[in-house]
Amino acid sequence: MDFGGAAAIGGAGEGFDFMSWYMDIPIISRLYFTGAFLTTAGCALDIISPFSLYFNFDLIFFQGQIWRLLTTYLFFGMFSIDFLFHMYFLVRYCRMLEEGDFRGKTAHFVMMIMFGVIFMTAVAPFVSVHFLGSSLTFMMVYVWGRRNEDMRMSFLGFFTFNAPYLPWVMLMFSVLLGNPVTIDAIGILVGHTYYFLEYVYPVVAEIRGWRRKKILEPPRVLHWICGTYQEPVEHLHQD
């Protein structure tokens with residue numbers, strides 16, 4: 001399966017330098033990948049149990065187990081081929097978004113992730129989904145595809161398609177494997193909502209002269225935390 005190709009590992013006669021590869025991952029993508037890996041490692045070593053990680057509305061909001069709001073996005077299953085598959089998509093598309101559209105805009109990237117987490121957490125009680133990390137990854141794939149409409153991709157080498165169709169190809173492949181579509185569908189829904197609010201709405205608002213041009217503008221405190229805060233420039237008018 002070739003969804004955009006893998007990066008070359010080292011040059012001729014060179015070994016794979018894991019630490020160099022790891023440190024080259026942008027900070028937010030690296031933190032997410034590290035959290036997901038450590039969570040799975042903790043389960044593999046029986047330090048923590050997956051039963052203490054999954055999303056459960058009653059346990060979170062009535063018994064105070066609020067850590068589940070985070071861990072439901074960090075657990076992608078035990079170490080397996082399926083886990084590696086999820087890590088590949090997580091690192092690849094999270095990284096390409098952070099290095100592409102969100103280069104130099106860390107606060108905006110964090111805002112996108114926060115939007116996805118809040119939206120999916122609100123939807124989760126109404127569907128039978130216990131781990132939402134795959135949905136968040138699917139959202140990133142959707143947004144990346146919509147922002148790279150002219151990129152050509154291939155599926156198993158049999159047919160090619162443009163990047164915006166990647167989430168739908170993945171959804172079709174998942175259905176063929178007999179997997180439930182709920183997780184993927186949530187990612188597509190949230191990804192489409194974010195894409196509309198971030199990239200479509202501002203254009204419409206500008207054309208129609210609406211007062212509020214941006215809905216998902218990060219607050220100043222988030223800019224400050226991410227190191228992207230800039231003092232507003234005051235324009236002096238001369239009579």
Side-chain angles (χ1 to χ4, degrees), residues 1 3 6 18-19 21-22 25-95 97-98 109-110 112-144 166-167 170-191 194:
M1 187 183 306
F3 288 141
F18 175 81
M19 284 306 300
W21 171 82
Y22 176 75
I25 301 174
I27 182 62
I28 303 302
S29 302
R30 192 193 318 155
L31 287 173
Y32 194 8
F33 169 65
T34 302
F37 181 84
L38 292 178
T39 300
T40 299
C43 292
L45 296 173
D46 288 331
I47 298 175
I48 53 179
S49 169
F51 292 104
S52 65
L53 305 177
Y54 70 92
F55 182 91
N56 183 289
F57 184 87
D58 291 337
L59 293 178
I60 293 171
F61 295 101
F62 294 110
Q63 297 190 29
Q65 299 182 15
I66 58 174
W67 65 82
R68 293 177 184 268
L69 291 172
L70 175 65
T71 57
T72 185
Y73 294 95
L74 295 178
F75 185 68
F76 289 83
M78 303 302 286
F79 287 126
S80 63
I81 297 298
D82 185 60
F83 173 79
L84 294 177
F85 182 78
H86 280 101
M87 289 300 99
Y88 169 78
F89 275 93
L90 169 64
V91 174
R92 178 173 175 79
Y93 292 101
C94 189
R95 177 176 185 170
L97 275 177
E98 192 171 357
F109 188 59
V110 174
M112 183 196 75
I113 295 176
M114 291 174 59
F115 175 86
V117 167
I118 293 172
F119 200 139
M120 293 174 191
T121 301
V123 171
F126 303 99
V127 294
S128 298
V129 175
H130 299 300
F131 293 103
L132 295 163
S134 294
S135 296
L136 189 59
T137 302
F138 224 85
M139 170 192 170
M140 296 180 189
V141 172
Y142 182 91
V143 173
W144 176 85
L166 175 59
M170 294 171 59
L171 179 63
M172 177 188 67
F173 185 68
S174 181
V175 171
L176 292 176
L177 293 177
N179 297 324
V181 301
T182 306
I183 293 176
D184 298 345
I186 292 174
I188 291 176
L189 171 64
V190 178
Y194 174 82

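All figures in this text were calculated on a predicted structure; none of them were measured in a lab. Heads up: numbering here begins at 1 and tracks the sequence.
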Hey, what do you get for CD1 (Ile25) to OG1 (Thr34), rounding to the nearest 0.5 Å? 7.5 Å

Any donor-acceptor N/O pair, Thr121 side chain to Val117 backbone, under 3.5 Å: yes

Backbone of Val143 reached by a side-chain donor or acceptor of Tyr194 within 3.5 Å: no

Taking the six-membered ring for Trp and the single ring otherwise, decide whether the centroids of Phe85 and Phe89 are under 6.0 Å apart. yes

If you draw a 6.0 Å radius around CD1 in Ile47, do more than 12 non-hydrogen atoms from other residues or ligands fall strictly inside? yes

Are side-chain heavy atoms of Phe138 and Ile188 found at a separation under 4.5 Å? yes

Within this structure, what is the OH-CD1 distance for the pair Tyr88 and Ile81, rounded to the nearest 0.5 Å? 14.5 Å

Quick check for you: to the nearest 0.5 Å, what is the distance between Ile66 atom CD1 and Leu59 atom CG? 13.0 Å

What residues form a ring pair (Phe, Tyr, Trp, His ring centres under 6.0 Å) with Phe109, not counting sequence neighbours? Phe102

For a ring-ring contact (aromatic ring centres under 6.0 Å, His included) check, start with the C-alpha distance between Phe75 and Phe83, then their side-chain angles and the critical distance, and finish with the verdict. CA-CA 9 Å; Phe75 185 68; Phe83 173 79; 8.4 Å; no

Within the structure provided, determine whether Val190 and Tyr142 are in side-chain contact (heavy-atom separation under 4.5 Å). no

Is there side-chain contact between Leu69 and Ile60, with at least one heavy-atom pair below 4.5 Å? yes

Is it the case that the side chain of Arg68 and the backbone of Phe55 share a donor-acceptor pair, with hydrogens and angles ignored and the cut-off at 3.5 Å? no

Are more than 12 heavy atoms from other residues, nucleotides or ligands located less than 6.0 Å from atom CE of Met114? no

State, yes or no, whether a side-chain contact exists between Met112 and Leu97 at a heavy-atom distance under 4.5 Å. yes

Heavy-atom closest pair (Pro125 atom, Phe57 atom, distance to 0.1 Å) is CG-CD1, 3.7 Å

If you round to the nearest 0.5 Å, how far is CG of Asp82 from CE of Met87? 9.5 Å

Of the non-hydrogen atoms in Leu74 and Gly35, which two are nearest, and what is the gap between them? CD2-C, 4.0 Å

Are Phe37 and Phe76, when compared by the centres of their aromatic rings, separated by less than 6.0 Å? no

Verify the distance criterion only: is there a donor paired with an acceptor across the side chains of His86 and Ser134 at less than 3.5 Å? yes

Exactly one of Leu70, Thr72, Thr71 clears side chain to side chain contact (heavy atoms under 4.5 Å, CB included) with Leu53, and that residue is Thr71

Could you walk me through whether Tyr32 and Thr137 satisfy the side-chain hydrogen bond (donor to acceptor under 3.5 Å, both in side chains) test, starting with their C-alpha distance in whole Å, then the side-chain angles of each, then the deciding distance to 0.1 Å, before giving a yes or no? CA-CA 11 Å; Tyr32 194 8; Thr137 302; 4.9 Å; no

Fit a plane to each ring of Trp21 and Phe18, take the angle between them on a 0 to 90° scale, and name the class: parallel (under 30°), tilted (30 to 60°) or perpendicular (over 60°). tilted

Find out whether Leu136 and Met120 are in side-chain contact, i.e. whether some heavy atom of one side chain is under 4.5 Å from a heavy atom of the other. yes

With side chains defined as the heavy atoms from C-beta onward, is the minimum distance between Met139 and Ile113 less than 4.5 Å? no

Working to the nearest 0.5 Å, report the span between OH of Tyr73 and OG1 of Thr39. 14.0 Å

So with a 6.0 Å cut-off around CG of Leu84, is the heavy-atom count from everything else above 12? yes

Rounded to the nearest 0.5 Å, how far apart are OG1 of Thr182 and CG of Leu189? 12.0 Å

Counting distance only, does the side-chain N/O of Ser29 pair as donor-acceptor with the main-chain N or O of Val91 below 3.5 Å? no

If you look at every heavy atom in Ser135 and Ile183, which pair is closest and at what distance? OG-O, 2.9 Å

Using atom types as modelled and distance alone, determine if a side-chain donor or acceptor of Trp144 lies under 3.5 Å from a backbone N or O of Arg92. no

